[in-house]
Number of protein chains: 2
Amino acid sequence: MRGTRWLSADEQRIWRTYLQANQLLRDALDRQLQRDAGMPHGYYIILAMLSEAPGRSMTMSQLARTVSSSPSRLSHAVAKLERAGWVRRRRHETDGRATIATLTDDGFDVLAEAAPGHVEEVRSVLFDPLTPEQVRQLGEIFTAVLAPHDDRPGPPS
Amino acid sequence: MRGTRWLSADEQRIWRTYLQANQLLRDALDRQLQRDAGMPHGYYIILAMLSEAPGRSMTMSQLARTVSSSPSRLSHAVAKLERAGWVRRRRHETDGRATIATLTDDGFDVLAEAAPGHVEEVRSVLFDPLTPEQVRQLGEIFTAVLAPHDDRPGPPS
DNA sequence: GGTAGATGGTTGAGGGCTCAAGTGTGCGGC
DNA sequence: GCCGCACACTTGAGCCCTCAACCATCTACC
């Protein structure tokens, strides 16, 4: 591939800093949640998003979009959460293709128990080291990163 | 845990934006590299870091620190890369505990082949959507996130 | 009302990662 | 010289994820 737009020295340094920090955050969150709540971070998010949904319920595909998961990953994950008794699945009443996942009371309790430690971890590893201005910038930066993928179709090229 | 410092509405929104963007980046990179080079992103980084080291070589523990990996993860990964013929391992000459990993010529070729597509992907998904000012901010933000973990021992609490 | 394609979801195989436990080597103190 | 501990690394089991294949249902269209 001739004419590749290589990264400048600055860009490369920034990219690597980002990767490293990212790995740090991911490891910290996964370790903390695994230790204190016996679940990986991705599972926590599933429970958290369900807990905020009306009726503590969502279809699998809504849920997949909400937690940025592939259908397959979500299916495996919810199967596991269901075995743990934290989520229940049932058929959608009017659309026979869809499945509705619901957070159980047990699931809610586990989530409530895990939340404070998790939030504390997020704070200490991400927000505490940043100034309020940097937090604001962080939000804008990743909003910009996501923008091209909001699947409102972009201008036809 | 009473007295938890919960996230404000803004912080929560920003945190979720970050998680979502992150998942997007990770998925995009892994998919692109898996498709075009038959390896996950973590393996690419290992090859890339080795390629820049003197003699294209590093001890396993240096390498682990460089790519932010646990010893175990790295060991598994290098074992696989060695089976593929892209890396060789040999004993350190003066420290019998250490192992030196070296990028092979085949490994270098694979890396050189994969690099342009990978860089293009990084650009299109991360740098292109950002202004130069935001790129600079990104670097400073994650430098700040990493700072508390530079294991120069901090002030004794 | 029948058919083609889109949509919603699951499954199994294969691979990567974590955690805990293990091996072997170096080093400081006695 | 030996003992104990730290260090460098590896291993295996189990878990999570990806990818591709699959089934079922819905929808549009003729």
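In what follows, every chain begins at residue 1, and chains take the letters A, B, ... in the order their sequences are listed. These numbers were taken from a predicted model, which means no experiment stands behind them.
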Visitor: Whole angstroms only, please: what is the CZ-P distance between R91(A) and dT25(D)?
Guide: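 Distance check: R91(A) CZ to dT25(D) P gives 6 Å.
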Visitor: Could you check whether the rings of Y18(A) and F142(B) sit parallel, tilted or perpendicular, using 30° and 60° as the cut-offs?
Guide: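 Because their plane-to-plane angle is over 60°, the rings of Y18(A) and F142(B) count as perpendicular.
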Visitor: Give the minimum heavy-atom separation between L47(A) and G107(A), together with the two atoms involved.
Guide: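 Shortest heavy-atom separation between L47(A) and G107(A) comes out as CD1-O, 4.3 Å.
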Visitor: Whole angstrom is fine here: how far is it from CG in L81(A) over to P in dC15(D)?
Guide: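 After rounding, the gap between these two atoms is 14 Å.
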Visitor: Please give, in whole Å, the distance from dA6(D) C1' to D95(B) CG?
Guide: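 In whole Å, dA6(D) C1' and D95(B) CG are 12 Å from each other.
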Visitor: Let's see if you can work this out: which of dC17(D), dG12(D), dT10(D) has an atom nearest to the side-chain heavy atoms of Y43(A)?
Guide: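 Closest nucleotide to the Y43(A) side chain: dC17(D).
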Visitor: Is the side chain of E120(B) donor-acceptor paired with the backbone N or O of T4(A) at a distance under 3.5 Å, no angle test?
Guide: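 Here the side-chain-to-backbone pair does not exist.
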Visitor: Would you mind telling me which residue lines up with the more 5' stretch of DNA chain C, A98(A) or D27(A), judged by nearest nucleotide?
Guide: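 Upstream on the strand: A98(A).
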Visitor: Which residues, if any, of residues 57-71 of chain A bring a heavy atom under 4.0 Å of DNA chain C?
Guide: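 Those residues whose heavy atoms fall under 4.0 Å from DNA chain C, taken from residues 57-71 of chain A in numerical order, are T59(A), M60(A), S61(A), P71(A).
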Visitor: Go through the side-chain N and O atoms of T99(B) and R90(B) and say whether any donor and acceptor fall under 3.5 Å apart.
Guide: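 Short answer, no.
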Visitor: Applying a strict under-4.5 Å side-chain criterion to I, L, V, M, F, W and Y, I'd like to know whether L126(B) and L146(A) cluster together.
Guide: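 L126(B) clusters together with L146(A).
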Visitor: Could one point to a donor on the side chain of S72(A) or the base of dC19(D) with an acceptor on the other under 3.5 Å away?
Guide: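 Answer is yes: a donor-acceptor pair is held.
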Visitor: Does a side-chain N or O from R89(B) land closer than 4.0 Å to OP1 or OP2 of dT10(D), or not?
Guide: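 R89(B) to dT10(D) OP1/OP2: side-chain N or O found under 4.0 Å.
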Visitor: Could you state the interatomic distance from CG (L24(A)) to CD (Q20(A)), rounded to the nearest 0.5 Å?
Guide: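 With rounding to 0.5 Å, CG (L24(A)) is 8.0 Å from CD (Q20(A)).
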Visitor: With heavy atoms of chain B within less than 4.0 Å as the criterion, where does contact along DNA chain C begin and end?
Guide: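 With heavy atoms of chain B under 4.0 Å away, the range is dG16(C) to dG26(C).
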Visitor: Using only heavy-atom distances, determine whether the side chains of Q12(B) and R16(B) contain a donor-acceptor pair under 3.5 Å.
Guide: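 Indeed, the side chains of Q12(B) and R16(B) share at least one donor-acceptor pair under 3.5 Å.
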Visitor: Nearest whole Å is fine: how far is dG14(D) P from K80(A) NZ?
Guide: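 That distance rounds to 13 Å.
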Visitor: Please state whether the rings of Y44(A) and H118(A) are parallel, tilted or perpendicular, taking 30° and 60° as the class boundaries.
Guide: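 Plane angle between 30° and 60°, so tilted.
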Visitor: Return the value, rounded to whole Å, for the distance between atom CD1 of I100(B) and atom C1' of dA8(D).
Guide: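 Result: 12 Å.
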Visitor: Mind calculating the distance between CG (D30(B)) and C1' (dT18(D)) to the nearest angstrom?
Guide: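 Atom-to-atom, D30(B) to dT18(D), this comes out as 9 Å.
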Visitor: With a 4.0 Å cut-off on heavy atoms, is H76(A) in touch with a base, just the backbone sugar-phosphate, or nothing at all?
Guide: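 Base contact - H76(A) has a heavy atom under 4.0 Å of at least one base atom.
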Visitor: Starting from the 5' end of DNA chain D, give me the residue, L74(B) or R31(B), whose nearest nucleotide shows up first.
Guide: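 With L74(B) and R31(B) compared, the 5'-side residue is L74(B).
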Visitor: Return the 5'-most residue of the pair T99(B), Q34(B) with respect to DNA chain D, ranking by each residue's nearest nucleotide.
Guide: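 Looking at DNA chain D, the more 5' nearest nucleotide goes with T99(B).
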Visitor: Which residues pass the side-chain hydrogen bond (donor to acceptor under 3.5 Å, both in side chains) test with T59(B), not counting sequence neighbours?
Guide: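 For T59(B) the side-chain hydrogen bond (donor to acceptor under 3.5 Å, both in side chains) partners, ignoring immediate neighbours, are Q62(B).
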